[in-house]
Student: 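Quick one: the structure is below, and I'll ask about it shortly.
The basis for the numbers below is simple: all heavy atoms, side chains too, and nothing from hydrogens, waters or symmetry mates.
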Amino acid sequence: MTSYRLPHGGARIDRSDTVAFTVDGRQHFGLAGDTLASALLANGVRVMGRSFKYHRPRGLMAFGVDEPSALFTVTTDGVREPNVRATEIEIFDGLAVESQNRWPTLDTDLMAVNQLGGKALAAGFYYKTFMGPVIGPLKGTRFWMVCERFIRRAAGLGRAGTAPDQSRYERINAFCDVLVVGGGMAGLHKAVEQAEAGKRVIVCEIEPHWGGGADAKNESEIRRMVDLLQSQPQVTLLPRTTVWGFYDGNTLAATERVTDHLRTAPEGAPRQRTWTIRAGHVALATGALERPIVFAGNDRPGVMLADAARRYAAAFGVLPGRHLTIFTNNDSAYTAAVALREAGANIRAIVDLRAEIGDAARALADRAGGRLLTGYAVIGTKGARGLTSVSVARYRHDTQSFSGGSEEIETDALLVSGGWSPVVHLASQAGAKPVWNDDLQAFLPPESPGPWSAHGAAAGDLDFGEGLSPSPAPVFEVRHPGKAFVDFQHDVTADDVRLAHREGFRSVEHLKRYTTLGMATDQGKTSNVPGLAIMADALGKPIPEVGTTRFRPPYTAASLGSIAGERFADLFPHRLTPMHDWHVNNGARIYAAGHWDRPESYNRPGETVEQAYIREARTVRTGVGLVDVSTLGKIDIQGPDAAEFLNRVYTNGFAKLAVGKARYGLMLREDGFAMDDGTTWRLAEDRFLMTTTTANAGKVMSHLELCLDVHWPDLRVHLTSVTDQWAGAAIAGPRSRDVLAACVAGTPVDNDALPFMGIVHGAIAGVPVMICRLSFSGEMAFEVYCGAHHGTHVWEALLEAGKPFAIAPYGLEALGTLRIEKGHVTGAEIDGRTTARDLHLDWMLSSKKPFVGSAMMDREGLTDDARWTLVGVVSRSGEKLRGGSHVVAGDRDDPGPSLGHLTAMAFSPEMNAYVGLALVEGGAKRIGEQLYATDPVRTGTHIPIEIVSHHMVDPKGERMHG
């Protein structure tokens with residue numbers, strides 16, 4: 001394999017440090033500082049990918065985030081991360097990657113037979129090809145259903161992995177006066193200006209190095225500015241950081257690649273860190289991206305953007321080939337030609353679409369050597385897995401016509417420059433509409449006097465050198481027979497764009513969706529403007545009248561792990577109680593209940609979950625059990641008007657609640673429906689502790705804040721969420737008071753000192769605790785609260801004191817069983833559709849005061865006797881009930897309409913039967929009726945049940961009051 005590494009140059013590489021890596025299991029070598037792209041280019045690897053639809057061989061085109069073709073799956077250490085650009089992968093010893101979208105190999109891809117599909121695979125083929133034909137039983141869309149699984153298997157690029165990601169991720173919030181996006185010359189100058197003015201500055205640069213695409217002659221100036229910024233304590237420099245989202249209020253999202261480039265991460269260092277940055281002002285110095293030109297054969301490996309080739313030579317000491325041809329419509333390609341010639345390349349020819357060029361460009365052409373062909377165009381390319389020659393012909397771009405014959409130029413790399421497109425993605429995300437600039441033939445961000453501004457090339461300030469013009473010829477396509485690609489990743493050709501026009505898809509948004517132009521991972525960075533220009537030509541309109549699509553976050557792909565942050569295993573936060581480790585270490589089965597990880601049951605060897613929870617529930621009914629209730633929402637309410645505030649938000653009275661007492665309360669929404677229930681403890685004249693259901697803690701807090709901020713701003717009340725400050729344990733059962741008496745110091749716990757709904761303060765094992773006598777299980781019970789960091793200590797002390805009484809911990813399943821037997825409601829019944837009367841809580845509706853929801857709770861329809869109301873159900877056959885089953889009156893063959901549904905079920909050790917709670921039409925009047933619980937979709941069951949009172953155990957409450 002030929003090496004294309006130059007013997008000199010390469011500002012980013014260390015020639016003394018050789019790095020080994022593998023691609024598809026084959027070992028390659030590069031130098032420290034190389035990207036995968038530069039290392040493969042140095043090794044003479046031409047084919048780095050296969051196109052999405054036709055599986056055409058594709059080589060390297062760009063230098064950075066605009067690379068559309070060289071995509072790989074990183075498989076280092078067995079974790080798959082697909083669709084990573086070779087230009088962004090920094091190599092290290094042991095790096096392992098796989099090529100994508102090929103079978104069986106990248107060089108020999110049998111799926112390349114798709115190229116024979118021709119027009120059958122044109123834009124929209126999936127809409128049209130598989131809607132027929134009628135062949136026997138394959139009628140209409142049935143043919144599509146047969147083909148679909150084969151198409152889906154062939155579709156896509158990289159294949160995601162299934163192994164757990166063991167990497168660590170972090171999230172961080174940052175605030176600054178000025179955020180500079182882009183660490184090129186313009187960005188650094190802006191950062192220095194703001195830093196010297198005393199501003200807090202954050203600078204984010206997507207690449208590992210500062211300076212962007214600046215020439216080597218600017219190296220000392222770049223170093224000076226970076227050193228100055230690093231010396232300023234109010235400046236934060238973030239290389240390897242992509243700002244990918246611009247949101248309301250000048251809030252931006254960025255991902256810092258902290259250790260992706262390292263074989264072994266330092267201890268404690270994350271793989272990636274997501275920054276949420278809130279900036280007073282955002283300076284967009286995002287630069288500009290060079291555009292390709294659309295012509296026949298423009299996707300052949302060896303066709304590359306001209307400035308990308310210049311940068312590979314300067315940064316990595318690598319040439320894309322030995323004999324180079326340049327094809328351009330603007331002056332910037334001439335500076336690239338000279339730089340490559342000085343690096344050691346042989347410039348075969350410069351092909352310029354323009355008939356006339358300026359003196360400065362002509363002087364550079366002389367320095368670059370090779371033939372200068374002005375007024376010519378490339379009309380075709382040759383080569384199997386790499387470019388071997390190009391065909392050129394004399395061309396008039398104003399008439400799109402050719403004259404004379406064609407000429408073939410032997411070359412192994414064609415460097416193309418079709419003009420420059422300022423990077424407007426973030427400005428577009430900020431709400432700006434890009435503005436067309438005829439001089440640059442590009443869209444620019446509009447001038448923004450507001451919270452953001454554009455600088456340097458991002459604002460259209462393109463400087464290619466003295467005497468060189470930034471204006472390209474208005475040529476985006478050279479029409480000639482052969483496939484000419486606009487979107488290289490999705491295989492969208494110029495003919496596809498014209499087909500969309502002929503078939504009526506003439507809006508830029510329709511064009512995008514019909515052809516998939518710009519919908520690949522590069523988000524149209526190279527294809528957007530040429531595609532719009534071709535559509536404009538088909539419409540006979542100027543480009544600005546056709547418009548442009550808007551760009552959405554993310555600017556480049558952001559890993560799910562970095563977005564999730566510390567909890568990278570899934571997309572939901574996991575909250576752990578203070579006693580979580582104790583539960584795990586003592587055999588608890590943990591499962592997610594809302595956002596909390598809670599013990600389901602404490603299974604003994606050989607026990608099923610059902611056997612465990614029945615045993616635990618029986619233990620509570622006959623002796624004593626202990627359950628972790630730290631997850632209950634807890635809100636500290638303080639202020640002179642705290643009692644009046646509670647009187648307004650609860651349906652029952654709280655103004656006269658005595659200090660040292662608690663009360664059960666119900667809240668309604670403003671529309672009169674039940675919202676939440678819980679207890680509130682009066683700790684002092686002006687201080688209360690409210691508890692809420694676990695699931696509704698955030699909702700209740702938001703509701704209370706709304707009431708204070710909007711409805712009653714005059715009330716002197718302060719709210720603080722203290723859910724995480726208190727550890728809570730509920731001790732329940734007929735022996736619960738005995739356990740407390742054995743371990744509580746500083747206060748008696750007898751009935752006189754601690755009556756039902758009473759509160760005392762004491763200590764357990766030297767830890768201050770607050771104890772309230774209340775019950776969710778229906779047994780005598782107490783809730784014990786202490787500081788969260790003492791939770792496990794107090795928990796273990798309660799278990800130790802309970803050993804003589806055979807105490808046992810119980811989990812959420814047993815807790816649910818106990819509450820179902822007792823008829824207590826939770827979120828399954830307070831589901832947003834039920835009223836206090838539906839739940840038999842109308843005894844809590846005060847008639848002496850108004851409260852939130854009181855004006856709406858008596859509306860017609862909410863007082864209808866036929867409403868679904870809470871009842872208990874018992875399985876008559878002994879079959880296991882299932883939550884969500886419909887309650888019906890008829891047998892399996894003729895069940896009749898649904899009369900309601902089961903909200904919860906369990907096996908009741910008290911009743912020795914499967915029981916449940918249900919919301920049933922006219923429920924109270926149906927006590928004693930024999931109906932059915934049917935579940936035809938999930939299980940096919942049709943179980944005979946009896947409707948009973950929702951108070952199935954101890955309806956008079958003698959146990960908890962005893």
Student: Is the closest side-chain heavy-atom distance between Trp712 and Asp641 below 4.5 Å?
Tutor: no
Student: Answer yes or no: is there a donor N or O on one side and an acceptor on the other, between the side chain of His761 and the main chain of Met770, under 3.5 Å?
Tutor: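 Flag not set: sc His761 to bb Met770 has no pair under 3.5 Å.
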Student: Which heavy atom of Ala889 sits nearest to which heavy atom of Leu931, and what is that distance?
Tutor: CA-CD2, 3.8 Å
Student: So, do Lys822 and Asp954 sit near enough that their side-chain heavy atoms are less than 4.5 Å apart?
Tutor: yes
Student: Determine whether Asn912 and Phe907 satisfy the following criterion, side-chain contact (heavy atoms from CB on, under 4.5 Å), listing intermediate values before the conclusion.
Tutor: CA-CA 7 Å; Asn912 195 34; Phe907 183 86; 3.4 Å; yes
Student: Inspect the contact between Arg735 and Asp738 and indicate whether a charged nitrogen and a carboxylate oxygen are less than 4.0 angstrom apart.
Tutor: yes
Student: Salt bridge check: are Asp724 and Arg575 linked by an N-O gap of less than 4.0 Å?
Tutor: yes
Student: Got a sec, which pairs hit ring pair (Phe, Tyr, Trp, His ring centres under 6.0 Å) with one end in residues 852-897, sequence neighbours left out?
Tutor: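 The answer is Trp868-His901.
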Student: State which residue, out of His583, His580, His790, fulfils the ring-ring contact (aromatic ring centres under 6.0 Å, His included) condition with Trp795.
Tutor: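 Only one of His583, His580, His790 forms a ring-ring contact (aromatic ring centres under 6.0 Å, His included) with Trp795, namely His583.
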Student: Does CZ belonging to Arg938 count more than 12 external heavy atoms closer than 6.0 Å?
Tutor: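 For Arg938, atom CZ is crowded (more than 12 foreign heavy atoms under 6.0 Å).
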Student: Do the charged groups of Glu910 and Arg959 touch, with an N to O distance under 4.0 Å?
Tutor: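 Looking at Arg959 together with Glu910, the answer is yes, because their closest N to O distance falls below 4.0 Å.
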Student: Output every pair passing ring pair (Phe, Tyr, Trp, His ring centres under 6.0 Å) with a member in residues 835-859, not counting sequence neighbours, ordered by first then second residue.
Tutor: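 For residues 835-859: His840-His950.
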Student: Less than 4.0 angstrom from a charged side-chain N to a carboxylate O is my criterion; do Arg589 and Glu813 meet it?
Tutor: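 Looking at Arg589 and Glu813, the cut-off is not met.
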Student: If you measure from the Lys or Arg side-chain nitrogens to the Asp or Glu carboxylate oxygens, is any gap between Asp628 and Arg598 under 4.0 Å?
Tutor: no
Student: Return the OG1 to CG distance between Thr903 and Leu917, rounded to the nearest 0.5 Å.
Tutor: 5.0 Å
Student: Is Arg837 paired with Asp858 through a side-chain N to carboxylate O contact shorter than 4.0 Å?
Tutor: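 Answer for the salt bridge query: yes.
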Student: Specify the closest pair of heavy atoms between Gly861 and Arg867, including all atoms of both residues, with the distance to one decimal.
Tutor: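 Taking Gly861 first and Arg867 second, the nearest heavy atoms are O-CD, 3.0 Å.
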